[in-house]
Visitor: 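Here it is: the structure, laid out below.
So that the names make sense, note that chain A is the first sequence line, chain B the second, and so on, each numbered from 1.
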2 protein chains.
Amino acid sequence: MNSDPLAAAGTPLPRTPGVAVWEAVRADLLSRIKRGDHAPDEQLPSETALAQNYGVNRLTVRRALNELARVGVLRTMHGVGSFVAPQLMRHRIDDGRISLLESMSGRGHNVTQHILETVEHPGPRRAAGVPELAQVAGFGLSDPSELWTFPDFPGPLIEHRYVLDLDETPWCTSFAVVPKALVPADWDGTESIFSALAKTHGLAVRRDDRRFSAILADTRDAALLHVPAGAALLLLSGTNVDQDGRIVAYIVHHIRGDRAEYALRVPGPSIGPGEEA
Amino acid sequence: MNSDPLAAAGTPLPRTPGVAVWEAVRADLLSRIKRGDHAPDEQLPSETALAQNYGVNRLTVRRALNELARVGVLRTMHGVGSFVAPQLMRHRIDDGRISLLESMSGRGHNVTQHILETVEHPGPRRAAGVPELAQVAGFGLSDPSELWTFPDFPGPLIEHRYVLDLDETPWCTSFAVVPKALVPADWDGTESIFSALAKTHGLAVRRDDRRFSAILADTRDAALLHVPAGAALLLLSGTNVDQDGRIVAYIVHHIRGDRAEYALRVPGPSIGPGEEA
DNA sequence: TAGTGGTCTAGACCACTCA
DNA sequence: GAGTGGTCTAGACCACTAG
């Protein structure tokens, strides 16, 4: 069993009291990966094999693998195997443009956008419909009674749900609500709604506020983003307004926490704490 | 078994093919809680009891409970039981002050700060020492080779690790690195370092940049924040500078995603997308 | 069809809390 | 000591992927 020359991963572990076995297995696997024993995209031994090598039950190995998958170190595929995740570097998204698409383009990245679905609503919409926060719709919002409404553009709304891919890999699911009256008829979904909307109506769209939080990937996000359910996502929501301060869009992004970092420079005048402290 | 009049939670579930049993149990528990069957802080039946009621194995129930705990719907305590988490409303942190402490105070909240440890370093420090991202130190950073260094204040550094409590419950673990030369001798840790530092040296400290991402709580964060390991945390890091643009501090916050939302108004002039699109 | 990961079970033991 | 959650095991079956 352990005389296999290639079975480098997983020799029986010393069981230290106070430390769970799955935790020891996780730490061992992680240190091997960090040390470089396994190349990126390399397939790990099967769960059964790891269990044998470590001398533990398969469920114990699974728990360790699961934790590593959630933090983005591993990637497991049903019926195929577990693989070391490549390039664990976060991409920095620099703020400044109105849409994430524009923010990431022009940095040498190939950013594409895919519309998943487009739904029309007759009128104001409960914000509770935010891409369900780990199936906890209604919870998790700062104000569950918040309405997505457009005082200056009454009438039906359009909801767009789309995915942003960065260099061939999905890294963000998004959700936008805009007044139907503003959506250009010829918009094909390849450019951001906001620049299309700005071109068509001559509006200067800008972000009015941004709100950041963190959530876990639900099964839907997980499937779209190629992460396991329970992975950490950056929740970025905000409101877009035109040059007159009229609300033209509500947006919600779910950004892979293991692949992106949203950077923001603070442009305003310096705020001296001494003034009030 | 199921004739118990009080055993409202958990009658045998219809097994629908294609849906995992633990997933069905999770959905059932969640809907009961959302419906209000269980008051906040109410204790759920024991795992054994739930397993009997649902007619499934205890491990299956545990998986469901675990997922609910990670998203903040439940709170489980070893040897005690599982409880419905109270007030699932997020607190909104409004940006504008240099420190989170000041941001949350003055909003009717009782914010306190507890220093966990203070460590001195002889010189520049590798940023990889960020509160280990789910034990994946070195991974998860936008730039692992990043240095925490202060060109204008050479000499030893002080690292502070502390916890912010909001109305008696912890909601943020923080990490700050400042030049030792700037730390006031009489600073007792009850006010933010930055206002203390500003008072002592007459510096007007302000945030220079902010970087947002999402991570999972490791065991250390979990213990400090009273969340289970694997809960979603908002990772907020940034640099503080004085009025002359000299770097005076690096800070990292791990904020409970189920309890807080970081809001930011965009003050700058409107950015028209039409200009470049 | 063989091999992989995903799920579920029954049963055991341990660690923790509290009366 | 009774009751709770935390861990681990052995074994089974299913679902998926690939040759």
Side-chain angles (χ1 to χ4, degrees), chain A residues 9-10 12-29 41-70 74-85 219 222-223 226-230, chain B residues 9-10 12-29 41-70 74-85 219 222-223 226-230:
Chain A
L13 288 176
R15 305 214 175 179
T16 45
V19 178
V21 182
W22 70 264
E23 175 62 38
V25 172
R26 189 193 68 90
D28 184 71
L29 284 172
D41 283 322
E42 179 181 327
Q43 179 169 7
L44 292 184
S46 73
E47 296 178 350
T48 319
L50 284 174
Q52 280 180 354
N53 293 352
Y54 279 120
V56 300
N57 187 271
R58 186 179 149 220
L59 269 192
T60 307
V61 165
R62 275 184 62 76
R63 173 143 190 201
L65 292 175
N66 192 283
E67 299 296 326
L68 291 175
R70 290 202 188 205
L74 291 184
R75 170 104 191 276
T76 80
M77 285 185 285
H78 192 176
V80 184
S82 294
F83 301 83
V84 177
T219 47
H226 297 174
V227 296
Chain B
L13 288 177
R15 306 216 174 176
T16 45
V19 178
V21 182
W22 71 264
E23 176 62 38
V25 172
R26 189 193 69 90
D28 184 71
L29 284 172
D41 283 322
E42 180 182 326
Q43 180 169 8
L44 292 184
S46 74
E47 295 178 349
T48 320
L50 284 174
Q52 281 181 353
N53 294 350
Y54 279 119
V56 300
N57 187 271
R58 188 180 149 220
L59 268 193
T60 307
V61 165
R62 275 184 62 75
R63 174 141 188 201
L65 292 174
N66 194 283
E67 299 296 327
L68 291 175
R70 290 201 187 204
L74 291 183
R75 170 103 192 276
T76 80
M77 284 184 287
H78 192 177
V80 185
S82 294
F83 301 84
V84 177
T219 46
H226 297 175
V227 295

Visitor: Can you tell me which nucleotide in D:dG5, D:dT7, C:dT7 comes closest to the side chain of B:Trp22?
Guide: C:dT7
Visitor: With sequence neighbours left out, write down each residue that passes side chain to side chain contact (heavy atoms under 4.5 Å, CB included) with A:Asn57, or none if nothing qualifies.
Guide: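 Testing A:Asn57 for side chain to side chain contact (heavy atoms under 4.5 Å, CB included), a comparison that skips the adjacent residues, returns A:Leu59, A:Thr60.
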Visitor: From CG of B:Leu50 over to P of C:dC8, roughly how many Å is that when rounded to an integer?
Guide: 16 Å
Visitor: If you look at every heavy atom in A:Val84 and A:Leu74, which pair is closest and at what distance?
Guide: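 So the minimum-distance heavy-atom pair works out to CA-CD2, 4.0 Å.
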Visitor: Can you tell which of D:dT17, C:dT9, C:dT7 lies closest to the side chain of A:Val80?
Guide: D:dT17
Visitor: Mind running salt bridge (Lys or Arg N to Asp or Glu O under 4.0 Å) on B:Glu67 and B:Arg70 for me, showing each step along the way?
Guide: CA-CA 5 Å; B:Glu67 299 296 327; B:Arg70 290 201 187 204; 5.3 Å; no
Visitor: Rounded to the nearest angstrom, tell me the gap between atom CZ in B:Arg70 and atom C1' in D:dG6.
Guide: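 Taking atom C1' of D:dG6 as the reference, CZ of B:Arg70 is at 14 Å.
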Visitor: In whole angstrom, give the distance that lies between atom CG of A:Leu59 and atom P of D:dG11.
Guide: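 Rounding to the nearest Å, CG of A:Leu59 and P of D:dG11 are 13 Å apart.
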Visitor: Identify the heavy atoms of B:Leu50 and B:Pro45 that sit nearest to each other, and give their distance.
Guide: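 Heavy atoms of B:Leu50 and B:Pro45 come nearest at CD1-O, 3.7 Å.
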Visitor: So which heavy atom on A:Ala222 is nearest to which on A:Ala229, and how close?
Guide: CB-N, 3.5 Å
Visitor: Send over the distance from A:Met77 CE to C:dT4 P, rounded to a whole Å.
Guide: 14 Å
Visitor: Taking all non-hydrogen atoms of both residues, which atom of A:Val80 and which atom of A:Gln43 are closest, and how far apart?
Guide: O-NE2, 3.1 Å
Visitor: Of the nucleotides C:dT7, C:dG6, D:dG5, which has the atom closest to the B:Arg58 side chain?
Guide: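 Of C:dT7, C:dG6, D:dG5, D:dG5 is nearest to the side chain of B:Arg58.
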Visitor: Given pairs defined as Watson-Crick or G-U wobble with both distances under 3.5 Å, what dot-bracket annotation applies to DNA chain D, with ( ) intrastrand, [ ] crossing, | other strand and . unpaired?
Guide: ||||||||||||||||||.
Visitor: Base, sugar-phosphate alone, or nothing: which one does A:Arg62 contact when heavy atoms must sit under 4.0 Å apart?
Guide: base
Visitor: Using a cut-off of less than 4.0 Å, is there contact between a side-chain N or O of B:Thr76 and OP1 or OP2 of D:dT4?
Guide: no
Visitor: Nearest to the B:Ser82 side chain among C:dG5, D:dT7, D:dG5, which nucleotide is it?
Guide: D:dG5
Visitor: Which atoms form the tightest heavy-atom contact between A:Phe83 and A:Asp41, and what is the distance?
Guide: CD2-O, 3.5 Å
Visitor: Starting at CG of B:Asn57 and ending at P of D:dT9, how long is that distance when rounded to a whole Å?
Guide: 16 Å
Visitor: With a 4.0 Å cutoff (strictly under), does any side-chain N or O of B:Thr48 reach OP1 or OP2 of D:dG3?
Guide: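 False: B:Thr48 side-chain N/O out of range (4.0 Å or more) of D:dG3 OP1/OP2.
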Visitor: By nearest atom, which of the nucleotides C:dG6, C:dA15, C:dC8 is closest to the A:His78 side chain?
Guide: C:dG6
Visitor: In this structure, how many angstroms lie between the P atom of D:dG6 and the CZ atom of A:Arg26, rounded?
Guide: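 These atoms are roughly 18 Å apart.
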Visitor: Take atom CG of A:Leu65 and atom P of C:dT4, then tell me their distance rounded to the nearest Å.
Guide: 13 Å
Visitor: Could you state the OH-C1' distance from B:Tyr54 to C:dA10, rounded to the nearest angstrom?
Guide: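 Answer to the nearest Å: 21 Å.
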Visitor: Taking the side chain of B:Thr60 as heavy atoms from C-beta outward, which of D:dG6, C:dG5, C:dT9 is closest to it?
Guide: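 Of the options given, the side chain of B:Thr60 lies nearest C:dT9.
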